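So the structure is just underneath, and the comments pick up after that.
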2 protein chains.
Amino acid sequence: MGTGLDLPLDEVMVGDCIAMLRRLPPASVHAVFADPPYNLQLKGELRRPDDSIVDGVDDAWDQFSDFAAYDAFTREWLTECRRVLRKDGTLWVVGSYHNVFRLGTAMQDLGFWILNDVIWRKANPMPNFRGRRFTNAHETLIWAARGAESRYRFNYAAMKSLNDDVQMRSDWYFPLCTGAERLRGEDGKKLHPTQKPEALLHRVLVSCTQPGEVVLDPFLGTGTTAAVAKRLGRRFIGIERDEGYAAAARARIEAVEAMPESAALALPNKREQPRVAFGLLVERGLVPAGTTLTDRHKRWRAVVGADGTLRCGAATGSIHKVGAELQQAPSCNGWTFWHIEGRDGRLRLIDEIRTEIATQGL
Amino acid sequence: MGTGLDLPLDEVMVGDCIAMLRRLPPASVHAVFADPPYNLQLKGELRRPDDSIVDGVDDAWDQFSDFAAYDAFTREWLTECRRVLRKDGTLWVVGSYHNVFRLGTAMQDLGFWILNDVIWRKANPMPNFRGRRFTNAHETLIWAARGAESRYRFNYAAMKSLNDDVQMRSDWYFPLCTGAERLRGEDGKKLHPTQKPEALLHRVLVSCTQPGEVVLDPFLGTGTTAAVAKRLGRRFIGIERDEGYAAAARARIEAVEAMPESAALALPNKREQPRVAFGLLVERGLVPAGTTLTDRHKRWRAVVGADGTLRCGAATGSIHKVGAELQQAPSCNGWTFWHIEGRDGRLRLIDEIRTEIATQGL
DNA sequence: GAGTCCTCTGAATCCGCCC
DNA sequence: GGGGCGGATTCAGAGGACT
């Protein structure tokens, strides 16, 4: 990233988001979180969702022109975000039924590769006062990679541990942003109509970034994304059109303290942990050459070679290859297939021995 | 509806859905439920950690060359559905992140007025076997009126009583269609890859139709929509391209018995409603609408309504209220008063059924 | 019969480093 | 960038077999 010097890190830029995005170098941020304005079709003006909805737009042409204007705006900022995103970066977008279908369609058309749609289930949504619809109790987030070929980051193990050791699902349950977390003016009125809860951003950022990586929010508002990014040891770039919101965001971010990096690091996925060769266990004498390994049901037995290969009749090769060949399976994880039989007859998985050596260092 | 004679009511039409839709008169159905192809575009095979192969949806009907082809198809059938829909009718569509954004965009472009997006949270989704994404644990339904000016039907009180006397939210929790409900061939394999649970259709149809009204499903498959419509005393029109699916649907529908109209009617206005979600047992089919409940001495009998109320002569309302009224008592715990009579004449307390479902979760 | 264990399966855009 | 291969990866519920 030779253009790193051009990145206005940990700053809030004030101005039109498309113009500001154009100032940023390409392929420079690891993640984007965007909470764009909703499409309420009046005079081409874009409004936030708690403004009153315009009724009586029954002219198909008007509708089309309004949606067309929103779509054009959407495609423009998404295009710039995609340019600024690194090849393996991912992008999050939030919306409700008013606009989320336009967002998702535009993303797919521009080449983004959708990974999940995630539902934020609100613990305390506003009731439907007229009793004419179901209580609108959720918002939708779309998570997408820059392209279908991206090798994006997903902190699977971190998400699993956040969720009591079962896979994190696509439906998340969080309260609205209220109480002390909600930014208010001196008059006690909320500063921003759609301030998102920090817990939501916490999960988003922990899921797809590491400390030190750069998170961009083109619709920063009062700075939830930046505040959570700073606390988690991520760098941020915020863009906000409204000077008042931007000022509130800066003050809020200033008051945040970053946690120690040891705490901010996501639990490493197993793929990211240092690899231990089976040969190392042989060299160290933990699985001496000549040892006989067997599977869980003691159906097959194979002998360890001095070079870390296994031999079982004609089958010879890595612990994985021999395991697959014996089972006539397309593949096999030898670590979780082969056991050592102790003197008492008890079986011990070779993966346990690997874990020991990995935690002891090298 | 002067063209009523042309409506092929309570029939399964076999053929291309667009061609069949064009045969139907305009403004003739009250509701549409559509579960179109998702355009999954699966590439290679996927294996579980135990090396078994996932039976993915790779059927020919789900193959489209690109988004443009899928969009064109979508606009065509949606256009015909809108033509066939009555002015005040509503349309439901189901999708996943692969296609739902295309669906929603097309609907808005065609003039549909979105009322809600509803999330079906799956109790038992398939896990993400490679640990590369969040578990895809939901599907999205879009509910829309024919136009912004439609005076559509929403059975608010019925939804509220189904939901423990609290407004029904936009996030619904149901198990997948498995076990006895899942249609299987003689080989024991599922007949259709994407059969929807009847509980889902129960809630959909009770929310937006009345007995006698007409429900159209242009992608009928093995007939879930029609079966639930018949049980609820609604008329149906089903369109299915595959003769095998259509035959299975016809047999399934034939075996369904309509509940008495008194049970099928949604409550016209607010009343005292069940404290506990008795309605959940109704939706899940554990205490089907139309069932007759009786007390321990078989002195009184009352019929279960589709919205979770009880009806016994003039007495109508929650299981508790009706029990109290009949006994002329100040109060009554309906859970420990009402029984279901089995075929063998044995009585079973509804509280036992509640206990079962409560321990199973939600 | 009660309890335990095992097997099967569901709308799935499901790996990544090294050579 | 393509091929080879090491090795990482699952939850809930139903149903059947077995103790």
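Worth saying up front: this structure is predicted, and the values here are computed from it rather than measured. Letters A, B, ... mirror the listed sequences (proteins, then strands); counts begin at 1.
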Practice task
Find which nucleotide of DNA chain D each of Pro175(B) and Asn269(A) is nearest to by heavy atoms, and output the residue with the more 5' nucleotide.
Solution key: Asn269(A)
Handout entry: Asp217(B) side-chain N/O to Thr225(B) backbone N/O, donor-acceptor pair under 3.5 Å
Key = no
Handout entry: Dot-bracket encoding per residue of DNA chain C, Watson-Crick/G-U cut-off under 3.5 Å, | denoting interstrand
Key = .|||||||||....|||||
Exercise for the section: Could you tell me whether Trp143(A) and Tyr152(A) have their ring centroids closer than 6.0 angstrom? Expected result: yes
Completion exercise
note: Lys190(B), atom NZ; dG10(C), atom C1'; distance rounded to Å ~ 6 Å
Handout entry: Salt bridge Lys321(A)-Glu325(A), side-chain N to carboxylate O under 4.0 Å
Key = no
Exercise for the section: Taking atom C1' in both dT10(D) and dC6(C), compute the distance separating them and give it to the nearest angstrom. Expected result: 16 Å
Problem - Centroid-centroid distance, Tyr173(A) to Trp120(A), less than 6.0 Å - result: no
Exercise for the section: Using a 90° cut-off around 0 for syn, call dT13(C) syn or anti. Expected result: syn
Exercise for the section: Write down the distance between CG (Asp165(A)) and P (dT10(D)), rounded to a whole number of angstrom. Expected result: 10 Å
Problem - Out of dA11(C), dT10(D), dA14(D), whichever nucleotide has its closest atom nearest the side chain of Gln167(A) - result: dT10(D)
Handout entry: Pi-cation contact, Trp172(B) with Arg203(B) (under 6.0 Å, within 45°)
Key = yes
Exercise for the section: Report the distance from atom CG of Asp51(B) to atom P of dT9(C), rounded to the nearest whole Å. Expected result: 15 Å
Problem - Under 3.5 Å: donor-acceptor pair, side chain of Gln210(A), backbone of Ala266(A) - result: yes
Exercise for the section: Please step through side chain to side chain donor-acceptor pair (under 3.5 Å) for the pair Arg153(A) and Asn155(A), ending with a clear verdict. Expected result: CA-CA 6 Å; Arg153(A) 165 174 290 278; Asn155(A) 292 322; 2.7 Å; yes
Exercise for the section: Can you tell me, in whole Å, how much space there is between the C1' of dA12(C) and that of dT9(D)? Expected result: 14 Å
Problem - Salt bridge flag under 4.0 Å for residues Asp171(B) and Arg169(B) - result: yes
Handout entry: Side chain of Arg48(B) (C-beta onward), nearest among dT10(D), dG7(D), dG13(D)
Key = dT10(D)
Practice task
Within residues 329-341 of chain A, find the residues that approach DNA chain D with a heavy atom at under 4.0 Å, and present them sorted by residue number.
Solution key: Ser331(A), Cys332(A), Asn333(A), Trp335(A)
Problem - DNA chain D-proximal residues of residues 179-187 of chain B, any heavy atom under 4.0 Å - result: Gly179(B), Ala180(B)
Problem - 5′-ward residue of the pair Arg296(A)/Gln195(B) relative to DNA chain C - result: Arg296(A)
Handout entry: dG7(D) versus dC19(C) - spacing of their P atoms, nearest Å
Key = 14 Å
Handout entry: Proximity to the side chain of Lys196(B) - top-ranked nucleotide from dT10(D), dG6(D), dA11(C)
Key = dA11(C)
Problem - Selected nucleotide, minimal atom distance to Ser52(B) side chain, candidates dA11(C), dT10(D), dT9(C) - result: dT9(C)
Practice task
Would you mind reading off the distance between His138(B) atom NE2 and dA12(C) atom P, rounded to a whole angstrom?
Solution key: 13 Å
Completion exercise
Output for pair (Glu139(B) CD, Lys122(B) NZ), nearest 0.5 Å, gives 3.5 Å
Handout entry: Integer-rounded Å distance: dT9(D) P and Asn155(A) CG
Key = 13 Å
Exercise for the section: Output all residues satisfying side-chain hydrogen bond (donor to acceptor under 3.5 Å, both in side chains) with Ser207(B), sequence neighbours left out; order by chain, then residue number. Expected result: none
Completion exercise
Going 5' to 3' through nucleotides 13-19 of chain C and flagging B where a protein heavy-atom sits under 4.0 Å of the base, S where only the sugar-phosphate is that close, and - otherwise, we get BBBSS--
Problem - Sub-6.0 Å ring centroid separation between Phe33(B) and Phe219(B) - result: no
Completion exercise
Whole-Å distance, Arg169(A) CZ to dA12(D) C1', equals 10 Å
Handout entry: With Tyr70(B) via ring pair (Phe, Tyr, Trp, His ring centres under 6.0 Å) - residues at least two apart
Key = Phe64(B)
Exercise for the section: Rounded off to whole Å, could you give me the CG-to-P distance for the Leu281(A) and dG7(D) pair? Expected result: 11 Å
Exercise for the section: Could you tell me whether Lys270(A) and Asp351(A) make a salt bridge, using a distance below 4.0 angstrom between a side-chain N and a carboxylate O? Expected result: yes
Exercise for the section: Nearest whole angstrom, please: distance from the P of dA11(C) to the CG of Leu200(B). Expected result: 12 Å
Handout entry: Separation between the C1' atoms of dA11(C) and dC15(C), rounded to whole Å
Key = 23 Å
